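Okay, so here's the structure we're looking at.
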There are 2 protein chains.
Amino acid sequence: MITNDDMDHVFHALAHTTRREILDHLRAEPGISVGDLAAKFDVSRIAVMNHLTILERAGLMTSEKQGRSRKLYINIMPIQEIHDRWTDTYSAYWADRLGHIKVAAEAAARAAKGELDNE
Amino acid sequence: MITNDDMDHVFHALAHTTRREILDHLRAEPGISVGDLAAKFDVSRIAVMNHLTILERAGLMTSEKQGRSRKLYINIMPIQEIHDRWTDTYSAYWADRLGHIKVAAEAAARAAKGELDNE
DNA sequence: TAATTATGTAATTACATGATTACAAATGAT
DNA sequence: ATCATTTGTAATCATGTAATTACATAATTA
């Protein structure tokens, strides 16, 4: 079972463009090394390594040492789990794609009414 | 079009249990006031308000003043958009639910082979 | 108008992030 | 054994988070 702390970690890991881009690279090139990955970014290798630590804590990345190199792999299971939970939680809203439009329309109506009332 | 900054904000907003719980309450009780919402939590009203600011920045929450009170509403559109993007990006992995199992199996196989090679 | 209630702002504090440079350790090649 | 390469660790710095208490503003009610 996925805990709140788990979700905190996963969302936090995803809350940085560089880390999401790292996941993109791991998806495109499974088994890439730390150095090769870092070379794709403008920031330093150390910065990339710190991002890797955060991704690993969230369970989004795994690695295996191969000689003096380290091969990196994406693990999408946490994303999968969150995706599932969202689908569960919010399906009522977007089962039909009009859900949020309806909510927005109601909010607009309330706002309009509020403006009238305050005049 | 949703930008990287947008996604940073949304994920960051979701990366805190209290904020996710706030969204749950807004979903269950649309139009709830700041004070009534804050009363449901152990932390101070100010702490809750700061969370609301972060949720609002991410576009996950909207509000409208009603007299001296403020009514709060969830807005799931950003979640919707991220959900859509994920489904797009990772559908190849979980179109069949065996995707990540296959990847995990391959990683295990590599690990096993690595151990053999190093003996 | 005065008192009460709901929300908002300011200042502060402890701690975490994200980045850097410099150095250390492990591995493979010559 | 030496040297280059790849990865990891340590120390540091500026900035951002998350929380607090104290005070200020705005809107009903008596």
Side-chain angles (χ1 to χ4, degrees), chain A residues 4-23 25-26 29 31-58 60-73 114-115 117-119, chain B residues 4-23 25-26 29 31-58 60-73 114-115 117-119:
Chain A
N4 274 329
D5 275 1
D6 290 339
M7 296 190 80
D8 285 2
H9 289 150
V10 174
F11 280 123
H12 175 254
L14 293 171
H16 198 286
T17 302
T18 302
R19 286 195 289 267
R20 291 195 303 276
E21 286 175 358
I22 286 175
L23 289 183
H25 284 298
L26 298 189
E29 206 170 330
I32 191 174
S33 71
V34 175
D36 286 356
L37 177 67
K40 294 177 184 297
F41 292 90
D42 286 339
V43 297
S44 73
R45 179 182 60 86
I46 308 302
V48 171
M49 284 212 334
N50 289 338
H51 286 309
L52 290 178
T53 301
I54 290 171
L55 287 169
E56 200 157 29
R57 183 183 65 173
L60 287 166
M61 192 269 292
T62 62
S63 65
E64 44 170 342
K65 288 223 75 160
Q66 189 117 56
R68 73 180 150 185
S69 170
R70 189 169 138 223
K71 310 189 77 179
L72 307 172
Y73 302 93
E115 280 171 11
D117 289 349
N118 293 342
E119 252 178 298
Chain B
N4 274 330
D5 275 0
D6 290 339
M7 297 190 81
D8 285 3
H9 289 148
V10 173
F11 280 123
H12 175 254
L14 293 170
H16 199 285
T17 302
T18 302
R19 287 195 288 267
R20 291 195 303 276
E21 287 175 357
I22 287 175
L23 289 183
H25 284 297
L26 297 190
E29 204 169 332
I32 191 175
S33 71
V34 175
D36 287 356
L37 178 67
K40 294 175 184 296
F41 292 91
D42 286 339
V43 297
S44 73
R45 179 182 59 87
I46 307 301
V48 171
M49 282 211 337
N50 289 337
H51 286 309
L52 290 178
T53 301
I54 290 172
L55 288 169
E56 199 156 29
R57 182 182 66 174
L60 288 165
M61 190 271 290
T62 62
S63 65
E64 45 169 341
K65 289 222 73 161
Q66 189 116 57
R68 72 181 151 186
S69 168
R70 190 169 138 220
K71 311 189 77 180
L72 308 172
Y73 302 93
E115 280 171 11
D117 290 349
N118 291 342
E119 254 178 297

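Since the model is a prediction, treat every value here as computed from it, not as a measurement. Every chain is numbered from 1 and lettered A, B, ... according to where its sequence line falls, protein lines coming before strand lines.
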Handout entry: Working for side chain to side chain contact (heavy atoms under 4.5 Å, CB included), residues Leu72(A) and Arg70(A)
Key = CA-CA 6 Å; Leu72(A) 307 172; Arg70(A) 189 169 138 223; 4.1 Å; yes
Exercise for the section: For residues Val10(B) and Ala58(B), report the shortest heavy-atom separation together with the two atoms involved. Expected result: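 Closest pair (atom of Val10(B), atom of Ala58(B), distance): CG2-O, 3.6 Å.
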Practice task
Starting at CG of Leu26(B), measure out to CG of Leu60(B) and round the result to the nearest 0.5 Å.
Solution key: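 Leu26(B) CG to Leu60(B) CG: 10.0 Å, rounded to 0.5 Å.
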Exercise for the section: Any chance you could measure His9(B), atom NE2, to Glu56(B), atom CD, to the nearest 0.5 Å? Expected result: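 Going from NE2 on His9(B) over to CD on Glu56(B), the span is 13.0 Å.
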Can you tell me how far [atom2] of [N] sits from [atom1] of [X], to the nearest Å?
X        : N       : atom1 : atom2 : result
Leu55(A) : dG18(C) : CG    : P     : 11 Å
Asp42(A) : dA19(C) : CG    : C1'   : 13 Å
Leu37(B) : dG8(C)  : CG    : P     : 12 Å
Ile54(B) : dT17(C) : CD1   : P     : 14 Å
Leu52(B) : dA6(C)  : CG    : P     : 16 Å
Met61(B) : dT7(C)  : CE    : P     : 12 Å
Asp8(B)  : dT15(D) : CG    : P     : 19 Å
His12(B) : dG16(D) : NE2   : C1'   : 8 Å

Exercise for the section: Describe, as an angle rounded to 10 degrees, how the axis at the first end of the helix from dT1(C)-dA30(D) to dT30(C)-dA1(D) is tilted relative to the axis at the last end, five pairs per end. Expected result: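 Inter-axis angle at the ends, rounded: 10°.
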Exercise for the section: Under the side chain to side chain donor-acceptor pair (under 3.5 Å) rule, collect the residues that match up with Thr17(B), sequence neighbours excluded. Expected result: Asp8(A), Arg20(B)
List the atom pairs, with distances to 0.1 Å, where a side-chain N or O of residues 31-46 of chain A and a protein N or O form a donor-acceptor pair under 3.5 Å, not counting sequence neighbours.
unit_1: Ser33(A); atom_1: OG; unit_2: Asp36(A); atom_2: N; d: 3.2
unit_1: Ser44(A); atom_1: OG; unit_2: Ile46(A); atom_2: N; d: 3.4
unit_1: Ser44(A); atom_1: OG; unit_2: Ala47(A); atom_2: N; d: 3.1

Problem - Closest-nucleotide ordering on DNA chain D, the 5'-leading residue of Val43(B) and Arg57(B) - result: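 Residue closer to the 5' terminus by nearest nucleotide: Arg57(B).
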Problem - Contact letters for nucleotides 21-30 of chain C, in which S counts primed atoms plus P, OP1 and OP2 and B counts the base, heavy atoms under 4.0 Å - result: BB----BS--
Practice task
Please identify each residue that fulfils ring pair (Phe, Tyr, Trp, His ring centres under 6.0 Å) with His16(A), with sequence neighbours left out.
Solution key: His51(A)
Exercise for the section: List the steps and the verdict of side chain to side chain contact (heavy atoms under 4.5 Å, CB included) for Met61(A) and Ile22(A). Expected result: CA-CA 10 Å; Met61(A) 192 269 292; Ile22(A) 286 175; over 6 Å; no
Handout entry: With Ala15(B) via side chain to side chain contact (heavy atoms under 4.5 Å, CB included) - residues at least two apart
Key =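 Testing Ala15(B) for side chain to side chain contact (heavy atoms under 4.5 Å, CB included), a comparison that skips the adjacent residues, returns Phe11(A), His12(A).
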Handout entry: Arg70(B) side-chain N/O to dA6(C) phosphate OP1/OP2 under 4.0 Å
Key = no
Exercise for the section: Look at all strands and tell whether Ser33(A) reaches a base, only sugar-phosphate, or nothing, counting heavy atoms closer than 4.0 Å. Expected result: sugar-phosphate
Practice task
Would you mind telling me which residue lines up with the more 5' stretch of DNA chain C, Asp36(B) or Asn50(A), judged by nearest nucleotide?
Solution key: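 Closer to the 5' end of DNA chain C: Asp36(B).
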